[in-house]
Amino acid sequence: MRIYNTLTHRVEEFVPHNPDEVTMYTCGPTVYHFAHIGNLRTYIFEDIFEKSLNYLGYPVKRCMNITDVGHLSSDSDTGEDKMLKGAKREHKSVLEIADFYTKSFRTDFEKLNNRWPALVSPATQNIEEYIKIIERLLEKELAYIAGGNVYFDTSKLADYYVLTNHKEDEMVVGVRAGVEEDQNKRNQADFVLWFTKSKFDDQELKWDSPWGYGYPGWHIECSGISMKYLGEYLDIHCGGVDNIFPHHTNEIAQSEGFLGHKWCNYWVHGEHLNDQSGKMSKSKGEFLTVSLLEEKGYNPISYRFMCLNSHYRKQLVFSYEALDNATQAYQKLLNKVRALGTEEKEIGTEEYQEKFKNALADDLNTSLALTILYDVLKSNLEDAQKRFLVASFDKVLSLNLLVEEEKTLDGELEAYIHQKIEERNQAKKEKDYAKADNIRNELLEKGITIKDTRDGTTYEVK
RNA sequence: GGGUCCGUAGCCAAGUGGUAAGGCAUGGGACUGCAACUCCCUGAUCGCUGGUUCAAAUCCGGUCGGGCCCUCCA
């Protein structure tokens, strides 16, 4: 498999430490509010990545954190704490907020057919890990204490900006409004590992530490959780592009400072979903959640389809036109697949399996992978072979291509529909088309769509 | 100011040197009592401009337009 590595700025051949257990860490959400579909785009990409690795023969051990504490809106100890803000907004405790939004995140995550990682760990349950790391960093003099907080000393590293081509003296501090420089820091890029003194003394969650009662900095949690669950040699670390700097840059600094050797070989980042005006955010424009799409009558999987039609490293602009487009295409695809019958036959499908694998192995070229799916449907293969391939591809695509609509109709409704269809067919025979159309409309109003096929009349219940 | 990415038909989009995949929409046709579904047909010299080359959407330069990052973010 070839994948783009942010560390080298190139597409590279993927070589894991151990092909029998690829380790993958993906940054999770801060659970202070609902996730919007832009947030979820990254998780769709990560899911496709994980499943592609599986499809290509690599078992994956994946871990994800849940940020449920002290995520300040800046490393300078300024701005607001997201969790506290969420709690205040809803008059609940931080833990209640975390619990509620973790659950709703998981619901949305799974509605998009993302596989929930086996290892998911909240930041608040790994405090001892962070303390262990910080202690070692202090011993090695890679960290220092100032103003009651523990900071990482970025000047001790030969190359702090490994992921970006930033040059420190050319960077502008406070490009964004509301960012102030923390006077305790020795270097501009230093960041907090542990807070005891903060503008946010009303922090609800605090723990004892060698440096006093306080709470961890944001970046340390991913290093701690990752090393705790996946060991000290990580194959893949994923996240959204916005995490490249400073979050992932800082993770590398502290993890490698702690370990004393290279930590993770492949850094893979997903691009953003934008709206017409640029970056999507929770505070401006329409707050696009999975639930909102559902309220508007969209199947969340249509959104997944829309994402797969694009490339994870390309910005995608959300519009209802694009989503409608995807919805239409997805429905047509389902119709075609459902006409294939139920038998599966593997023999003779190797060529297409190979093509599909090649598309995935080429830096996750999902739109090409979808094209191969269309090629299969148009090919001269037998229906059973096509069906086998669709089933196989859907292990990665996860578009519910073979999931029949499991509408459990009660017998009464079913009998009613059959009776109406019978009446309509009778009317058609007698060329009483007005009556036939009336029956069809009557059923349609109840969400039942009639289809006349060569083998008789079928129906679909919405 | 620094960094980085992108610009292919109405829309989504593949293609990184050999003469433009695929999907949706549109228009036409087959099927149907009509419709839906399905099937067939239907469209672009690749932002603009120089250059390299026998050959460029693909490489190099310039230019225009747009996104993102430079301590909230997926």
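Atoms considered below: every heavy atom in the structure, side chains included; atoms not considered: hydrogens, waters and symmetry mates. Order of the sequence lines fixes the chain letters, A, B, ..., with proteins taken first and strands second; residue numbering starts at 1 for each chain.
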Determine the Euclidean distance between corresponding [atom1] atoms of [M] and [N]; express it in Å to zero decimal places.
N: B:G23; M: B:U58; atom1: P; answer: 26 Å
N: B:G15; M: B:A55; atom1: P; answer: 26 Å
N: B:U32; M: B:U38; atom1: C1'; answer: 12 Å
N: B:C64; M: B:U26; atom1: C1'; answer: 31 Å
N: B:A13; M: B:A44; atom1: C1'; answer: 13 Å
N: B:C41; M: B:G65; atom1: C1'; answer: 37 Å
N: B:C12; M: B:C6; atom1: C1'; answer: 15 Å
N: B:A35; M: B:G27; atom1: P; answer: 14 Å

Look at the side chain of [X] and decide which nucleotide, out of [options], has an atom nearest to it.
X: A:Glu321; options: B:A25, B:G33, B:C11; value: B:C11
X: A:Asn309; options: B:G22, B:A14, B:G15; value: B:G22
X: A:His166; options: B:A74, B:G33, B:G2; value: B:G2
X: A:Lys279; options: B:G10, B:C12, B:C69; value: B:C69
X: A:Tyr374; options: B:U4, B:C69, B:G23; value: B:G23
X: A:Gln328; options: B:G23, B:A13, B:C24; value: B:C24
X: A:Asn325; options: B:C12, B:C11, B:A14; value: B:C11
X: A:Asp437; options: B:A14, B:A74, B:C34; value: B:C34

Using only modelled atom types and a 3.5 angstrom limit, is any donor from either the side chain of [X] or the base of [N] paired with an acceptor on the other?
X: A:Arg440; N: B:C34; result: yes
X: A:Thr371; N: B:A21; result: yes
X: A:Asp375; N: B:G22; result: no
X: A:Thr42; N: B:A74; result: yes
X: A:Asn335; N: B:C37; result: no

Verify whether the ring centers belonging to [X] and [Y] lie closer than 6.0 Å.
X: A:His418; Y: A:Tyr459; answer: yes
X: A:His248; Y: A:His219; answer: no
X: A:Tyr266; Y: A:His237; answer: no
X: A:Phe287; Y: A:His33; answer: yes
X: A:Tyr43; Y: A:Phe105; answer: yes
X: A:Phe356; Y: A:Tyr55; answer: yes
X: A:Trp116; Y: A:Phe109; answer: yes

Scan every strand shown for a Watson-Crick or G-U wobble partner of [N], both distances under 3.5 Å, and answer none if you come up empty.
N: B:C46; result: none
N: B:G7; result: B:C64
N: B:A56; result: none
N: B:U32; result: none

So what does [X] touch, heavy atoms closer than 4.0 Å: a base, only the sugar-phosphate, or nothing?
X: A:Leu370; value: nothing
X: A:Gly270; value: nothing
X: A:Ala35; value: nothing
X: A:His36; value: base
X: A:Lys429; value: nothing
X: A:Ser367; value: sugar-phosphate

Could you state the atom-to-atom distance from [atom1] of [X] to [atom2] of [N] in whole Å?
X: A:Asn380; N: B:C39; atom1: CG; atom2: P; answer: 15 Å
X: A:Asn365; N: B:A21; atom1: CG; atom2: C1'; answer: 11 Å
X: A:Phe305; N: B:C11; atom1: CZ; atom2: C1'; answer: 14 Å
X: A:Ile372; N: B:A13; atom1: CD1; atom2: C1'; answer: 14 Å
X: A:Tyr433; N: B:U32; atom1: OH; atom2: C1'; answer: 10 Å
X: A:Lys314; N: B:C6; atom1: NZ; atom2: P; answer: 8 Å
X: A:Arg424; N: B:C34; atom1: CZ; atom2: P; answer: 12 Å
X: A:Leu308; N: B:A14; atom1: CG; atom2: C1'; answer: 15 Å

| Does NZ or CZ of A:Lys92 come closer than 6.0 Å to the centre of the six-membered ring of A:Phe100, within 45° of the ring's axis? | yes
| message | Distance to the ring centre below 6.0 angstrom and angle to the axis at most 45 degrees; does that hold for A:Arg10 and A:Tyr4? | response | no
| task | Would you kindly compare A:Asp242 and A:Ala322 by the position of their nearest RNA chain B nucleotide and give the one closer to the 5′ end? | result | A:Ala322
| note | Comparing A:Met306 with A:Gln315, nearest RNA chain B nucleotide closer to 5' gives the residue A:Met306
| task | Output yes when at least one side-chain N/O atom of A:Asn165 is less than 4.0 Å from OP1 or OP2 of B:G2, else no. | result | no
| said: Does a side-chain N or O of A:Lys332 approach OP1 or OP2 of B:A25 to a distance below 4.0 Å, or not? | reply: yes
